[in-house]
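Heads up: the structure comes next, in C-alpha cells.
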Amino acid sequence: MRTLRHSAVQRFLCGVALSVVTSSAMALEASVEGLDGPAATNVVNFLEPLDTRNISEARLDSDIRERTQRALRAFGYYSPQIETSYPDGMFAGDVVIAIDPGPRTHITQLDLGVDGAAGDDPAFQKALASIPLEEGDPLRHDRYDSAKTRLSTLALERGYFDAGFAQQRMEVRPWEASARLFLRMRSGPRYRFGDIRFAGSQIEEARLRRMLPFTKGDPYLAGQLAEYNQRLGQTNWFRGIAVRPRIGDERNVTRGGQWWQEATGRTPPLSSGAGLAAVRRLHGLQSTDVPVDVDLVPADRHKFETGIGYATDVGPRVQFSWEMPWLNDRGHSLSNSLYLSGPEQRFDGEYVMPLANPLRDSYRLSYGLRSLDNEDTKSLESSVELARRWEFDNDWVQELYFRTTYEDFTQADQDEQVLLLYPGISWTRTRTRQPNFPKWGDRQRLALEVSDPAWGSDARFLRARFDSQWIRTLGPDNRFVGRIGGGATATDTFDKIPPSLRFFAGGDQSVRGYSYESLSPENDDGELLGGQHMLTASAEYQRRVTGNWWGATFVDTGNAFNAWWPEELKTGAGVGIRWISPVGPVRFDIAHPFDNEEDAWRLHFAIGPEF
C-alpha cells in the first residue's frame, strides 16, 4: 500500500510539472520588427491566442505566418515579406517577426450611400458624413466593417426594419495596391409607433399615457422606448417594467412570430431586413405601424429602511423610514421617517399627489414633530407645510410652499411660544453619476422665506438659505468633495425667531471638530443664542488605498454670527476612511479643532453617500 501511495504521489507531481510546462508553452509573445503603429499591434493581438500545444514546428511556423498576413491585410498590406525567428527555440514562447510590409493598398473607388426614405433622414446623413472612408485613403477593413455596423444599427434604432444592403462588397487588387468599396443600403419605409397596450398596471392608464415621450403615428425611435422605461422607473410605482415593440400584426418577430416560422421554417432573426419585407408581402402584412406592449408589475405596497450613525457630539443615531410608493390608482404616495439621537428626536412625513405629469408636477403635504435638547437649546416644534412642486427640463426643481410652525422653546435665557405662518420658495438641483458612490456630481439649493404679523404670524423676518456641494474625480483614484453653505435673516423681532430658524454651526454636516451646533453668538453668561447669519465651507480630498477602501483628508471652516460678516471663522481638520460597502458608503472621520485649548478630537461615523 505504501508503494502504491508513493507511486501515486510521483504521478501527481509529474502531472503538475507537465501542466506547468504545457501552460508556459501555450503563451506566445511576439515582437515585430520593420513595422510599428496599429498594424504592428494588430499582428501581436492576432498571435496572442495561438495554441502551441500538440503542433509540429512546420505547422506552428505556418500558422504564425498565416495569422500575420491576415493581421496585415486588415490594414491594407496585401504583399508583405515575412521572416520569423525564435531566439530561445520554437516552443520557448518567443517569436520575432521581421516584416517588409510592401506597398499599402489605397481606396481608388468608393460607393457609399443610403437609398430610400432614410436617404433624407438627417441622422443617416450625419452618420454617412462621419464615416472615415474616402477615396485615396489607405484601406482599413475595420472602418468598412464599422460603417456596415453603424448603418445597420441606425436602421434598427430609427425604425427602418425592412432595410438591407443592396451592395456590400470589397474588391481588392493587390497587384495594383488598389481597392474598390461598395456599400449601399436600401432602407425601405420608416415605421411609426402604433397602438400602445398596457398590462399589469395598478395605476390608471391615463396617467401612464401622459408620461409617453411619443404618440401614435410618430416616427419610430428605439431611444424613446428606453426613455419611457426610465420614466416609469422613476415613479417608484413598479418593480417590473418591460416596454417592447411588436413588429408585424399581433406577433412579435423578435420573439419568434408564428407567421415567420410558417413561411421560412426557421426561428426569426433579430432583424430580418429584406427577408422580413418579403415575408410581410407574402402574408399581406403591409402596415408600417409598430404596436408597443408595456408590461408592468406593481411595486410592493410598503418599503422599510434603517440607517445608523455615530458622532462624538450626538452619540449614536438611528433613522427608520417607512414608504408606501403608491396608495391608489392615481399614484399618490406616503412616506414617514423617525430619527433618534441623544439631543434630537424627529418624526417627519410627506403625502405626495402627482398631477398631470407625475414626474414633473405634484402637490406635497408635509408634517413633522421635533424635540431638541442640545447645549443651551430646548425646543418642541410641530409643523405642517403645503407645497406645489415643478421639475424643469434643466433638472432644477422649484417648490412654492406655505408653512405653519408652532414652537415652544428655551434658548439660553429666552423663553417663548410662537406661531409662525410663512410662505417660501426654493430651487434645488441634484446631479450625480453612480449615485451609490458618485465620481461626479453636484447639488445646489436656494430657499427664500418671509413672515409678517400682517397675516397672523408672531414674527417678522426675511430669510435666505443656500447650499452647494460638488464631487469631482481626477483619474480613477482621486476624488474631491467641496461644500459651501450659508444663510441670512433680516428681522427686527429676533427674540421671536425660534431655534429651528436661527443659525448654528458645528457637527459632521458642518464644521467637523466642533460639537453639534456649538458655534453661534453667546450671551453674557456664555450661553448660545443662535445667529442671524451663517457661513460654512469644506474641502476634502480622497485617495483610493485599495479596492473599495479610500483614505480622506479634510478641512472645514465656518461660524454663525449676527453682523453681516463674521468676525471669526472656526476651523477644523482631520482624516478619515471611506469603504464602499454593499449597503452604501461607510464614512469614519477623526476631526480636530484648531483653536480648542482642550485639544479635543471628535469622531464621526455615518452610512450613505454625501448626497
Side-chain angles (χ1 to χ4, degrees), residues 37-39 41-42 45-46 70-78 104-172 178-193 213-214 218-230 243-247 252-255 268-278 280 288 290 292:
T41 302
N42 201 44
N45 292 339
F46 260 65
R70 280 196 289 140
L72 293 172
R73 284 198 297 269
F75 282 82
Y77 297 106
Y78 275 79
R104 190 171 188 183
T105 301
H106 286 69
I107 301 172
T108 58
Q109 183 178 348
L110 178 65
D111 185 7
L112 174 67
V114 176
D115 301 317
D120 297 323
D121 190 325
F124 275 87
Q125 294 172 356
K126 182 178 179 180
L128 289 171
S130 66
I131 291 175
L133 292 173
E134 297 286 347
E135 290 186 1
D137 288 349
L139 177 62
R140 289 275 299 266
H141 288 211
D142 60 334
R143 292 179 177 177
Y144 178 80
D145 293 337
S146 66
K148 289 173 56 178
T149 301
R150 176 68 182 126
L151 294 177
S152 298
T153 302
L154 194 59
L156 285 175
E157 291 174 349
R158 300 186 67 79
Y160 298 94
F161 296 118
D162 297 338
F165 288 101
Q167 294 187 73
Q168 48 174 331
R169 72 181 189 274
M170 180 187 299
E171 298 178 358
V172 179
S178 66
R180 299 190 299 169
L181 307 185
F182 302 91
L183 187 62
R184 295 206 68 86
M185 171 178 278
R186 183 181 296 115
S187 70
R190 185 175 185 181
Y191 284 62
R192 295 179 176 273
F193 286 113
F214 56 86
D218 287 349
Y220 178 90
L221 276 174
Q224 289 186 330
L225 295 179
E227 180 183 354
Y228 187 51
N229 195 306
Q230 182 181 26
V243 181
R244 293 187 292 254
R246 278 184 288 129
I247 303 174
N252 189 342
V253 172
T254 63
R255 289 182 292 172
L270 178 63
S271 174
S272 52
L276 173 59
R280 288 171 59 85
T288 56
V290 180
V292 176

Chi angles and distances behind the side-chain contact (heavy atoms from CB on, under 4.5 Å) call for Leu133, Ile107: CA-CA 8 Å; Leu133 292 173; Ile107 301 172; 4.1 Å; yes
Check: Ser187 and Asp115 side chains under 4.5 Å, non-hydrogen atoms: no
Atom pair NZ (Lys148) and CD1 (Ile131), whose distance is rounded to the nearest 0.5 Å: 12.5 Å
Worked verdict on Gln167 versus Met185 for side-chain contact (heavy atoms from CB on, under 4.5 Å): CA-CA 7 Å; Gln167 294 187 73; Met185 171 178 278; over 6 Å; no
Check: Ala179 main-chain N/O paired with Gln109 side-chain donor or acceptor under 3.5 Å: no
Under 3.5 Å: donor-acceptor pair, side chain of His141, backbone of Arg73: yes
For Arg180, all residues meeting salt bridge (Lys or Arg N to Asp or Glu O under 4.0 Å), sequence neighbours excluded: Glu171
Criterion side-chain contact (heavy atoms from CB on, under 4.5 Å) on Tyr144 and Leu139, from CA distance to verdict: CA-CA 9 Å; Tyr144 178 80; Leu139 177 62; 5.9 Å; no
Contacts of Arg158 that satisfy side-chain hydrogen bond (donor to acceptor under 3.5 Å, both in side chains) - sequence neighbours left out: Asp121
Geometric cation-pi criterion, Arg169 with Phe182: 6.0 Å, 45°: yes
Check: Leu221 and Phe214 side chains under 4.5 Å, non-hydrogen atoms: no
Ion pair check, Asp218 and Arg192, cut-off under 4.0 Å: no
Aromatic centroids of Phe124 and Tyr160 separated by under 6.0 Å: yes
CZ-CZ distance between Arg104 and Arg140, expressed to the nearest 0.5 angstrom: 6.5 Å
Tyr220 ring center within less than 6.0 Å of Phe161 ring center: yes
Rounded distance (nearest 0.5 Å) linking atom CG of Leu183 with atom CG of Leu110: 8.5 Å
Expected output: side-chain Thr153 to main-chain Arg150 donor-acceptor under 3.5 Å: no
Reported OG-to-CD distance for the pair Ser152 and Gln168, which is rounded to 0.5 angstrom: 8.0 Å
Reported CG-to-CD distance for the pair Leu181 and Glu134, which is rounded to 0.5 angstrom: 11.5 Å
From CG (Leu72) to OG1 (Thr105), nearest 0.5 Å: 11.0 Å
Steps toward side-chain contact (heavy atoms from CB on, under 4.5 Å) verdict (Asp111, Arg184): CA-CA 7 Å; Asp111 185 7; Arg184 295 206 68 86; 2.8 Å; yes
